[in-house]
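Letters A, B, ... mirror the listed sequences (proteins, then strands); counts begin at 1.
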Amino acid sequence: MKIEIRQELIIFLAMYLVLLILPLFLYKDAYVIGILITCMVWGAMASVWNFTMGYAGIFTFGQFGFFVVAAYTSGMVTKYLGISPWLGILIGGLMAAVVGVLIGLPCMKLKGAYIALITFALHLVVAPMIKVADPLGTGGSTGLMSIPKLSLGAYTFSRTDLIPWYYTALVISFLVLLVVYKTIFSSVGLGFIGLRDSEDFAKTLGINEYKYKLLVFGLSAFLTGIMGGFYAHYAGIISPRLLGLDIFLLVMLMMIIGGMGIFPGAFLGGFIILFLNEFLRPLEAYRFLIFGAIVIVAIKLMPEGILGHLNIFKNRMGKRLLGRAAEVETTRGQNI
Amino acid sequence: MLELKNINTYYGEFHAIRDISFKVNQGDFFLVVGPNGHGKSTLLKTICGLLRTASGQIVFNTAEITRAATDKIVEMGLVYVAEERHLFPQMTVLDNLKLGAYNTNARAKEQESLEYVFHLFPQLSEFKNRYAATLSGGEARMLTLGRGIMSCAKLLAIDEPSFGLAPILRNEVFDKINEINSSGMTVLLVEQNVNQVVDFADRICLIEDGCIVFDGPREEALLNEHLKDVFLGGSYR
Amino acid sequence: MNIWVQQIIQVIISGIVTASAYAIMGIGLSVIYGISRVFNFAYGSFFTWGAYFAWILFATFSWMNYPLVFLIVVPAMFFLGMGTEKVVVRSLRWRKNWQVTTMMVTLGLAFLMDNLALVIFGGFAKPLPPLFHGAINPFGFTLSVQDLAMLIIAVTVMIAFGLFLSKTRIGRCMQAISQDMTGAEIVGIPIKKVFSYTFGLSTALVGTGGILLAPRYFITPHGGWAPFFRVFVIVAFGGLGSIRGTLYAAFILAIFESFVSWSLGATWVMPFWFLVFLGVLAFRPSGLMGTWG
């Protein structure tokens with residue numbers, strides 16, 4: 001039997017190898033460790049988003065909704081019901097999956113751009129819902145505070161020592177990315193790509209469109225939810241501000257810069273964008289102005305992202321998702 | 001009047017038009033035949049600017065139109081009449097015709113063209129206030145031809161006008177096209193129902209797999225062995 | 001008269017007034033989708049900037065008045081929109097999945113515009129002077145002259161827009177494109193040019209909405225998102241691309257909103273909009289008279 005080692009897997013494992021040994025040199029620098037944890041959280045989220053958009057071709061803008069739903073669920077069940085945070089993260093993920101499937105249901109009948117509109121509406125509405133649900137203990141607009149920390153046996157994690165958090169984030173994000181990787185390169189994943197590239201073609205092959213779309217919604221919401229749950233316990237405070245356009249745009253940029261439809265791209269993009277974010281921090285309000293401009297310029301000039309333009313993957317599956325090689329017909333949109 | 005030099009067109013990754021060259025003379029009835037899906041429609045769309053050529057040159061009345069926008073091409077008098085009709089369904093027949101006369105040359109002659117169209121297709125003047133969506137297949141086909149004439153066309157590039165029509169209606173449409181041609185209009189017609197139009201054509205061109213297999217005057221075409229099968233079969237399936 | 005009946009009528013009146021402003025903004029959002037298939041996520045930011053332009057004029061010239069403001073800002077918004085279409089949106093049209101790409105680009109643009117406003121004007125809310133002072137009391141109801149003026153202006157704009165679409169040459173071209181884009185192209189309509197006019201027109205409409213609503217609320221850099229979301233739901237409810245659907249939806253939903261706000265309180269307004277949105281999705285994803293998917 002021939003064992004195929006994909007370039008995607010090599011890059012993915014190489015990045016985690018670097019992350020694994022990095023604290024040996026940086027363990028004193030809590031600031032950098034903190035940023036790296038955030039990179040892993042958002043990078044993994046961007047990767048899941050990329051999986052949904054870039055591979056499955058489902059243009060969802062609702063990932064933050066799933067993230068926040070899971071974060072609040074996990075935060076609240078551990079805070080009020082005293083459940084173990086580890087279990088809480090799992091419950092949060094499941095909750096997000098339920099919401100994902102519920103949002104996915106009306107999306108089944110709709111095509112690309114409309115799904116984007118609906119899921120973005122979900123994004124816009126979660127914040128007011130949290131505020132209204134204040135009497136249920138969400139903390140309203142100030143946010144949910146003093147969320148229990150993770151603990152392992154007798155050891156409870158604390159903000160003074162970030163190394164345990166770092167390795168937890170590493171393991172969780174690694175597992176999330178591994179699931180994404182495994183799904184992309186499984187027969188199920190090939191079904192997704194078939195659907196993305198040609199719905200009609202995939203249908204003739206007997207790929208059940210509804211089943212796959214729902215599966216993508218559920219799985220991507222679950223994986224995003226896991227990251228959300230972890231984030232809630234790590235940050236200790238979560239608020240509707242997580243749904244602000246700033247974070248949304250940063251994560252979207254991770255995906256664009258990394259290259260849509262290119263597997264570890266978005267994760268790499270996470271590090272690029274967040275370190276750029278730190279670098280630009282002294283510019284204060286101008287920072288987001290610059291990020292807004294970067295979004296426009298990146299999409300216009302670098303539609304395939306950094307990995308795409310480096311041309312690392314000669315025969316990659318997710319090529320040219322946003323590329324220039326479009327058929328002229330598609331520009332006319334649908335006619336009546 | 002219209003000259004194509006080594007045109008290549010891709011449809012996505014698919015090489016649909018391979019190195020096609022031909023010449024349509026003023027006043028000609030130029031018939032393009034060939035099997036379904038072998039690039040005839042793509043060729044017309046390329047000529048009228050809806051698709052872009054990868055290489056080659058298209059010259060219309062001494063002006064190069066290879067990469068010109070469709071609206072510029074229409075203004076020069078090269079007008080495309082689509083197989084899929086592309087009428088404006090929520091507009092009346094009259095409004096559809098008036099929009100045909102959008103370009104500046106046509107606008108000046110709007111009234112004149114309208115009279116000619118109504119003379120050619122008396123049915124259209126009968127229901128000029130009906131919505132295009134309510135027209136039958138044959139009526140809609142007449143309207144697309146009329147709308148093309150309204151654009152002050154010097155050359156009409158007509159794509160598969162018999163599509164979806166009953167045989168009697170087909171003959172009527174072909175007669176009308178012949179009438180238009182007889183009045184001096186150059187016609188470039190793409191058609192599968194060959195034997196119903198072959199008598200009208202001045203020149204016939206056969207396209208298979210995106211390549212020109214035969215190109216010559218009708219008399220020559222009728223003697224060609226390869227084309228004989230085509231005419232005997234009546235049409236490609 | 002019964003105090004309840006009186007209050008309810010008052011609520012309906014206030015709903016109608018807001019509806020008229022939402023309606024012109026909704027038409028702008030709907031029309032740009034119907035004609036050029038672009039969904040503009042920076043719509044709310046254009047709303048905010050319309051109001052900011054008005055504020056600049058009032059802050060710079062003490063003698064400034066509203067007619068002059070409309071006369072300056074509305075054309076300015078039109079050209080801003082046209083320029084945006086040319087620079088930001090146009091080249092994307094030739095790509096695969098360009099509709100979603102456009103959404104992402106306009107999100108970036110929204111972010112750029114919001115933060116530009118933040119940098120220039122600061123985070124503090126800016127007020128616009130009232131359109132008019134005073135109130136009238138027909139049949140015992142209170143109706144401020146400002147609201148009345150807003151209603152009149154909005155309705156005038158709508159009628160003017162309707163006439164523009166049906167009577168002018170460019171308006172007919174827009175209709176043609178929305179009915180059949182390829183058809184419009186083969187009759188020789190320069191669709192790219194019309195796309196840019198449409199974008200300009202749409203931003204001019206939302207800019208008008210911004211100026212009309214600013215005297216009621218304050219202007220803040222991110223203040224365009226709440227009206228944008230409402231208009232978004234209105235357009236989805238009415239059917240993306242359908243002007244008549246948008247009009248009906250604007251009036252139905254704005255009157256409901258004003259009931260919700262009166263009976264349950266302002267915090268329930270946004271969840272109300274979302275529930276409507278979910279209802280639309282569940283029962284009629286194509287909207288009242290639209291053609292989705």
Between F120(A) and F232(C), ring centroids under 6.0 Å | no

Measuring heavy-atom distances to chain C, does L245(A) have an atom under 4.5 Å in its side chain, in its backbone, in both, or in neither?
-> both

What distance separates L249(A) CG from L107(C) CG, expressed to the nearest 0.5 Å?
-> 6.5 Å

Against chain C, residues from residues 129-136 of chain A with at least one heavy atom under 4.5 Å, in numeric order, are M129(A), V132(A)

Name the member of V295(A), V297(A), D246(A), I296(A) that forms the most heavy-atom pairs with chain C at distances under 4.5 Å.
-> I296(A)

Give the minimum heavy-atom separation between V100(C) and M53(A), together with the two atoms involved.
-> CG1-CE, 3.9 Å

Side chain from CB out, backbone as N, CA, C, O: work out which of these in L124(A) comes under 4.5 Å of a heavy atom of chain C, or both, or neither.
-> side chain

Inspect the surroundings of CZ in F121(C) and state if more than 12 heavy atoms from other residues, nucleotides or ligands are less than 6.0 Å away.
-> yes

Over 12 non-hydrogen atoms of neighbours within 6.0 angstrom of CE in M95(A) = no

Is I299(A) close to L92(C) at the side-chain level, that is, under 4.5 Å between some pair of heavy atoms?
-> yes

For atom CH2 of W262(C), is the number of surrounding heavy atoms from other residues, nucleotides or ligands below 6.0 Å larger than 12?
-> yes

Please report the closest heavy-atom contact between V119(C) and L289(A), naming both atoms and the distance.
-> CG2-CD1, 4.3 Å

Checking heavy atoms, do the side chain of V87(C), its backbone, both or neither come under 4.5 Å from chain A?
-> backbone

In Å, rounded to the nearest 0.5 Å, how long is the span from CG of L116(C) to CZ of F288(A)?
-> 15.0 Å

Check the pair F61(A) / M103(C) against side chain to side chain contact (heavy atoms under 4.5 Å, CB included), numbers first and verdict last.
-> CA-CA 10 Å; F61(A) 284 170; M103(C) 288 180 195; 4.0 Å; yes

Across all chains, not counting sequence neighbours, the ring pair (Phe, Tyr, Trp, His ring centres under 6.0 Å) partners of H222(C) are none

Of F111(C), W273(C), W225(C), the largest count of non-hydrogen pairs under 4.5 angstrom with chain A goes to F111(C)

